[in-house]
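Order of appearance sets the numbers: ligands from 1, and atoms from 1 within every ligand. Just so you know, these numbers come straight off a predicted model, no measurement behind them.
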Amino acid sequence: MRPLGLICFLAAIATGVAQNDVSDASASFTLRSWNEAFALANATVAQLKLDEKIGLVTGVGQFSSRCVGNVNPVARLGIPGFCLNDGPAGVRPTKGVTGFPPGIAAAATFSRRLMRARGVALGEEFRGKGINMHLGPALDLMRNPKAGRGWESFGPDPYLTGEAAFETITGIQSVGVMACAKHYIANNQEHWRYGLIAEVDDRTMHEMYHYPFLRAIEANVSSVMCAYNQFNGTSSCHNAALIGPNGLLRKDGFQGYIVSDWGATHDSAADNANAGLDMEMPGDYILIGGGTFNSFLGLGSLRSDVNSGKVPSSRLDQMVTRVLAPWYRLGQDSGYPPVNFDAQHSDGSGPNNLDVSVRSVAHTALAREIAANSAVLLKNEADALPLKSAGMSGKRVAIIGKDALMLNLNCGDSNECDDGTMTIGWGSGSNSLEFTVPPITALNETLEAAGAVVTTSLSNDKTAGAKAAKGQDVAIVLVNAMSGELGFYQSVNGNQGDRNDLELWFAGSDLVKAVAAVCSNTIVVVHSIGPVNMPWSTNENVTAIMFAGAPGEQTGPALVDVLFGAVNPSGRLPYSIADDEKSYGTTIVTDPGFPLGFPVINYTERLLLDHRYMDVHAITPRFEYGFGLSYTTFEYTGLSITSSATNSQVVSFTVKNTGAVAGTEKPQLYLGYPPSAGEPPKVLRGFDEVQLAPGASQRVVMTLESREMSVWDTPSQSFIRPPGAFTVFVGASSRDIRLTGTF
Ligand SMILES: *[C@@H]1O[C@H](CO)[C@@H](O)[C@H](O)[C@H]1NC(C)=O
Ligand SMILES: *[C@@H]1O[C@H](CO)[C@@H](O)[C@H](O)[C@H]1NC(C)=O
Ligand SMILES: *[C@@H]1O[C@H](CO)[C@@H](O)[C@H](O)[C@H]1NC(C)=O
Ligand SMILES: *[C@@H]1O[C@H](CO)[C@@H](O)[C@H](O)[C@H]1NC(C)=O
Ligand SMILES: *[C@@H]1O[C@H](CO)[C@@H](O)[C@H](O)[C@H]1NC(C)=O
Ligand SMILES: *[C@@H]1O[C@H](CO)[C@@H](O)[C@H](O)[C@H]1NC(C)=O
């Protein structure tokens, strides 16, 4: 599939990056067991004075923090003021860092390898900047496709999110950086997030929303962040059923510390500390935005509460021990780099901003690889793709749409400026896009070098777009949609956080239609943080659709990689794309309700998110969960299911590349439970990444462990395997099932 010249040529595309290659190479440290770490923490706590203990569990205040959050140091014992920093997709807001693709892009790769590699690279950059804790990964399920922060996490499926959690955390912590699983829990929309009351039944809680956190605990995550919202009527950060000694996290063996989201301590210091909160951030924060409450007391009054006995001193000791244990466990007590940036002075003006670059050639290449491997080819008629540079000489190609353009990088964190390409959503989950290689640069460079005649219309003006497209051999139209975190910007393109609707932004659908009306070879590129309505997808003139998602800074080179076939697309949709929001079975609640001032949101859909809801309600999505095309084809044969001695089932099958070019298949295993179990018809329980040369085949093995064949049983508070026959569905998506068996 790869003409040699093309590869060499593509590798030469400018990535736009001055490579400093000064990332911390000495990330070697001695990993301790929890037991060893707690023994050290205990010994240290015994030497601390009351104010030192309180300082370690309390932020220094938003405007005194050098990082997004800092605790108070204990210099006499060599304990630094831990630096906690955003966020899930890279260090922000600062310079000299890589703008990695966000969680939803990692999910779309359906590749544990890339999820892990992304975690390692993130960890290396956080370590290089001297940051003790990476405030991620975000594990909030995309309960509704409009949810503002859905792209920070890994989509609506708890299994994929759980696997991504495990790989990401393992990667980050492998270089000695603490990871923080967030936001616990049911933090699934931006409207009214500071106080909405999520009502989630026990089984749904365990199988859906808690499950990724269970996988985080199994990865030995250092910290969990409690959310702004209330759960079952009590604020998450003072909800003992969640964070207390007998709460869900501790019952599952969580050993690290529970930190509040910034300002999520809605109750008194004693309430929070006694409920199970271990660290308050950022220390002095009063939330008044978004028409919500609230001022709070936080842990600032902890000293008097400990002195008066409202908070037992043994509880304070436990809080400090839990904060110190992950620090010892990951060897941060020895040789950890000092903080060498200043998030408060991201413009470079700050006295402490040393601007140490932690970028590297390898990280830039990885950002590009993840972006290319997360691009989902949704349609490809008449071999419209890949574009063949060999045959491109003299061809007339139009590039249309403002999503092709460079972002204005000078207006803040990243994408709040809506006048260029969409690489990532906005808010604390964004990253510092010091470098972006926009589609126009990479496409134009590639096409020009191949001898094509390039015409552009780099706005969303329909008339201009159609004019540019008319008479062209190919029209490439780029369109987008985005969302972000409430409270960062009043509104972006009229959207406050959660999206207002599932339409493309800036009348993108109208632009596609106008171009397709005049050009019979229209290739659409969609950059989006989640599903969008695509009524035009069946238009015969739309020959190909590349759903390039949220690709991060290497957006242009990665797009060229897949459009020209240097990378054979293997991204798979981590959500379904249906025709309207109703098809997803959930809503974003925008009405605060009465008389509480915050809505009660009852998770009545229970286990039925996304394709699970569509499967039950016989809704055919336009493109289903797990779907994605390749430039080659794959055949599945030889399903075998055997029981193992350890109560697991071993599922194996053969995947063969039956096409003419090399490619990567992402086989998926969906489990059908016995009817008595009350599970959705198909539940994702396995996926793999299989790279195959033309004609090659490989045996794929997926093991179903006991818990993966179980349902949450409320009376016994445990996972129990229901009796009866199970069906194994193996296929290329949630609906493209190639092999079926039972056990
Ligand atoms: C978690 O830590 C425990 C004890 O410190 C260790 O035995 C276990 O292997 C770790 N798990 C992972 C996935 O690293
Ligand atoms: C640390 O101290 C606590 C509280 O006294 C105790 O329960 C725990 O066993 C100690 N851990 C270790 C490893 O010494
Ligand atoms: C939340 O409330 C539901 C319904 O009352 C109950 O089933 C569930 O156990 C509660 N969960 C927690 C963690 O308190
Ligand atoms: C495309 O590349 C050519 C040749 O380098 C250059 O003249 C032209 O300005 C570029 N067009 C755009 C839109 O960048
Ligand atoms: C497809 O494009 C051709 C121009 O090449 C145009 O004549 C035709 O009407 C278009 N078809 C549709 C369905 O828009
Ligand atoms: C939530 O909905 C379920 C199912 O309709 C119902 O049984 C439950 O009582 C509701 N909970 C609340 C708090 O309204």
Which protein N or O atoms sit under 3.5 Å from any N or O of ligand 4? Give atom names and distances.
unit_1	atom_1	unit_2	atom_2	d
ligand 4	2 (O)	N444	ND2	2.3
ligand 4	11 (N)	N444	ND2	2.9
ligand 4	14 (O)	N444	ND2	3.3

Check: N602 N/O within less than 3.5 Å of ligand 6 N/O: yes

Residue part near ligand 2, for D317, under 4.0 Å between non-hydrogen atoms: neither

Minimal non-hydrogen separation, T555 against H527, with atom names: OG1-NE2, 3.5 Å

Residue pair M279 / V71: nearest heavy atoms and the distance that separates them: CE-CG1, 3.7 Å

Under 3.5 Å: N/O of N35 near N/O of ligand 2: no

Y613/Y584 aromatic ring centres below 6.0 Å: no

For P245, all residues meeting side-chain contact (heavy atoms from CB on, under 4.5 Å), sequence neighbours excluded: none

Contacts of type side chain to side chain donor-acceptor pair (under 3.5 Å), residue N72, not counting sequence neighbours: none

K462: partners by side chain to side chain donor-acceptor pair (under 3.5 Å), with sequence neighbours left out: none

Residue pair L302 / V57, side-chain heavy-atom distance below 4.5 Å: yes

